[in-house]
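Given the structure is predicted, the values throughout are model-derived calculations rather than measurements.
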2 protein chains.
Amino acid sequence: MNEEKLFCPVEKALAVISGKWKPHIFRHLIGRTKRFGELQRALPQVTRKILTQQLRELADDGVVIRNVYPQVPPKVEYSLSDYGKTLIPIMSSLSGWGQAHIERDNHGGAKQPDG
Amino acid sequence: MNEEKLFCPVEKALAVISGKWKPHIFRHLIGRTKRFGELQRALPQVTRKILTQQLRELADDGVVIRNVYPQVPPKVEYSLSDYGKTLIPIMSSLSGWGQAHIERDNHGGAKQPDG
DNA sequence: CTGTATCCCTATAGATACTG
DNA sequence: CAGTATCTATAGGGATACAG
C-alpha cells in the first residue's frame, strides 16, 4: 500500500494481502480469469473505484495479471499470476484459522484464553 | 479490530494479526514470557500507549495471555496462549512468502509478473 | 465497459503529558 | 512499572459524478 520499505517479512506479506476486498478478489480469481465486470457483479458491495484500486495494487505486487484488450468497448481480464498462486496455501491456512476463530467466538461465550 | 462481524474467515484471521506491531510482539513472545518493559525495550519505536493497545487487542482475541501480578510497583507478563501458538506456522508461512517477495522486489528490477 | 476525479469519513497510530 | 488521557496526523476506503 505505501512505498516505504518494510523490513519485517510478515508485514510485507500482510501488506500484499491486506486490503478490504483483496481476499475476496483473490478467491474469485482462483482457477479462473475474470473480467472487471464479472468481479464487480461478484462483489456488488465494492465501488468501481475501490475495485480498480485493489486490483491495481495486487497487480503492482505481481500476484495478479491485468490483461487489457485494446478494443471498443474495452475488455480487461484479471487472473492470478504463478507467483500469486503461491499465496493460495497461505490464504487457505488463514481461512482455516479464521474459521476456527469465528467458531470460538460463537460457542465460546466469554473469552477464556486456554494457554 | 472493530466489533462488527467479519464473514470472511480470511479477514477474520487478518484482523487478529494485522496491527503495525503485532507481528513483532508475536515474534518476541514465541518461546518466552516477557514483561511489558522487556517488550518495550525490544521495540523502542513503539510508544507505551500503542504497545498497550496492541497487546490488549491480542489478549482480547485470545492469542496472548496477560498476567497481572498485584504488586507495587506493578508487574505484568505477556505470553502466547496455546491458541496463539497455533498461529506460529501461519506467521512462519507469511514470513517465508514475505521474504521471497522482498528479494523479488530487489533483484527483480522492473516488475514482471511471471504467470 | 472500464475506468478517473473529487470530496469526505473513519480507523489506526503517534506525540506528549499525567497517574496508581 | 505499567499504564491512561488528549490531541493530532494520515491512509484507506467510500459516494458520487464524469470520461475515453
**Student:** Rounded to whole Å, how long is the line connecting atom CD of B/Glu11 with atom P of D/dG12?
**Tutor:** 17 Å
**Student:** Would you name the heavy atoms of A/Asp61 and B/His101 that are closest together and state the gap between them?
**Tutor:** O-CE1, 3.1 Å
**Student:** Nearest whole Å is fine: how far is D/dG12 P from A/Glu57 CD?
**Tutor:** 7 Å
**Student:** Expressed as a whole number of angstroms, how long is the span from B/Asn67:CG to D/dG3:P?
**Tutor:** 12 Å
**Student:** Expressed in angstrom and rounded to an integer, what is the separation of B/Leu14 atom CG from D/dG13 atom P?
**Tutor:** 12 Å
**Student:** Without decimals, in angstroms, what is the distance between A/Ile50 CD1 and D/dG12 P?
**Tutor:** 11 Å
**Student:** Looking at A/Tyr83, is its backbone amide N or carbonyl O close enough to the side chain of A/Thr86 to form a donor-acceptor pair, meaning the two atoms are under 3.5 Å apart?
**Tutor:** yes
**Student:** Rounded off to whole Å, could you give me the CH2-to-C1' distance for the B/Trp21 and C/dA13 pair?
**Tutor:** 10 Å
**Student:** Does A/Gln53 make a side-chain N or O approach to OP1 or OP2 of D/dG14 shorter than 4.0 Å?
**Tutor:** no
**Student:** Hey, does the side chain of A/Thr33 reach the backbone of A/Ser79 with a donor-acceptor pair shorter than 3.5 angstrom?
**Tutor:** no
**Student:** If every non-hydrogen atom of B/Val10 is compared with every non-hydrogen atom of A/Ser95, which pair is closest and at what distance?
**Tutor:** CG2-CB, 3.7 Å
**Student:** Is the NZ or CZ atom of A/Lys34 positioned over A/Tyr78's six-membered ring, under 6.0 angstrom from the centre and within 45° of the axis?
**Tutor:** no
**Student:** So, taking the atom named CD in B/Glu77 and the one named CD1 in B/Ile65, what distance separates them when rounded to the nearest 0.5 Å?
**Tutor:** 12.0 Å
**Student:** C/dT12 C1' sits how many Å from B/Ile17 CD1, rounded?
**Tutor:** 17 Å
**Student:** Rounded to 10°, tell me the angle between the two end axes of the helix from C/dC1-D/dG20 to C/dG20-D/dC1, each built from five pairs.
**Tutor:** 50°
**Student:** Indicate every side-chain donor-acceptor pair of residues 37-54 of chain A with a distance under 3.5 Å to a residue at least two apart or in another chain.
**Tutor:**
{"residue": "A/Glu38", "atom": "OE1", "partner": "A/Arg35", "partner atom": "N", "Å": "2.7"}
{"residue": "A/Thr47", "atom": "OG1", "partner": "A/Ile50", "partner atom": "N", "Å": "3.3"}
{"residue": "A/Thr52", "atom": "OG1", "partner": "A/Arg48", "partner atom": "O", "Å": "2.8"}
{"residue": "A/Gln54", "atom": "OE1", "partner": "A/Trp21", "partner atom": "N", "Å": "3.1"}
{"residue": "A/Gln54", "atom": "OE1", "partner": "A/Lys22", "partner atom": "N", "Å": "3.3"}

**Student:** In this structure, how many angstroms lie between the C1' atom of D/dC1 and the CG atom of B/Leu51, rounded?
**Tutor:** 13 Å
**Student:** Of the listed nucleotides (D/dG13, C/dA13, D/dT16), which one gets closest to any side-chain atom of A/Lys20?
**Tutor:** D/dG13
**Student:** Run the numbers on B/Phe26 and B/Ile88 for side chain to side chain contact (heavy atoms under 4.5 Å, CB included), then give the verdict.
**Tutor:** CA-CA 9 Å; B/Phe26 196 89; B/Ile88 294 179; 3.9 Å; yes
**Student:** Using a cut-off of under 3.5 Å, enumerate the N/O to N/O pairs linking the protein to nucleotides 1-8 of chain C.
**Tutor:**
{"residue": "C/dC1", "atom": "O3'", "partner": "A/Arg35", "partner atom": "NH2", "Å": "3.1"}
{"residue": "C/dC1", "atom": "O3'", "partner": "A/Pro74", "partner atom": "O", "Å": "3.4"}
{"residue": "C/dT2", "atom": "OP1", "partner": "A/Arg35", "partner atom": "NE", "Å": "3.2"}
{"residue": "C/dT2", "atom": "OP1", "partner": "A/Arg35", "partner atom": "NH2", "Å": "3.2"}
{"residue": "C/dT2", "atom": "OP2", "partner": "A/Gly37", "partner atom": "N", "Å": "2.8"}
{"residue": "C/dG3", "atom": "OP1", "partner": "A/Arg56", "partner atom": "NH2", "Å": "3.1"}
{"residue": "C/dG3", "atom": "OP1", "partner": "A/Arg66", "partner atom": "NH2", "Å": "2.3"}
{"residue": "C/dG3", "atom": "OP2", "partner": "A/Tyr78", "partner atom": "OH", "Å": "2.8"}
{"residue": "C/dG3", "atom": "N7", "partner": "A/Arg48", "partner atom": "NE", "Å": "2.8"}
{"residue": "C/dG3", "atom": "O6", "partner": "A/Arg48", "partner atom": "NE", "Å": "3.1"}
{"residue": "C/dG3", "atom": "O6", "partner": "A/Arg48", "partner atom": "NH2", "Å": "2.8"}
{"residue": "C/dT4", "atom": "OP1", "partner": "A/Arg56", "partner atom": "NH1", "Å": "2.9"}
{"residue": "C/dT6", "atom": "O4", "partner": "A/Lys49", "partner atom": "NZ", "Å": "3.3"}

**Student:** How close do B/Ile17 and B/Pro23 get, counting heavy atoms only, and between which atoms?
**Tutor:** O-CD, 3.9 Å
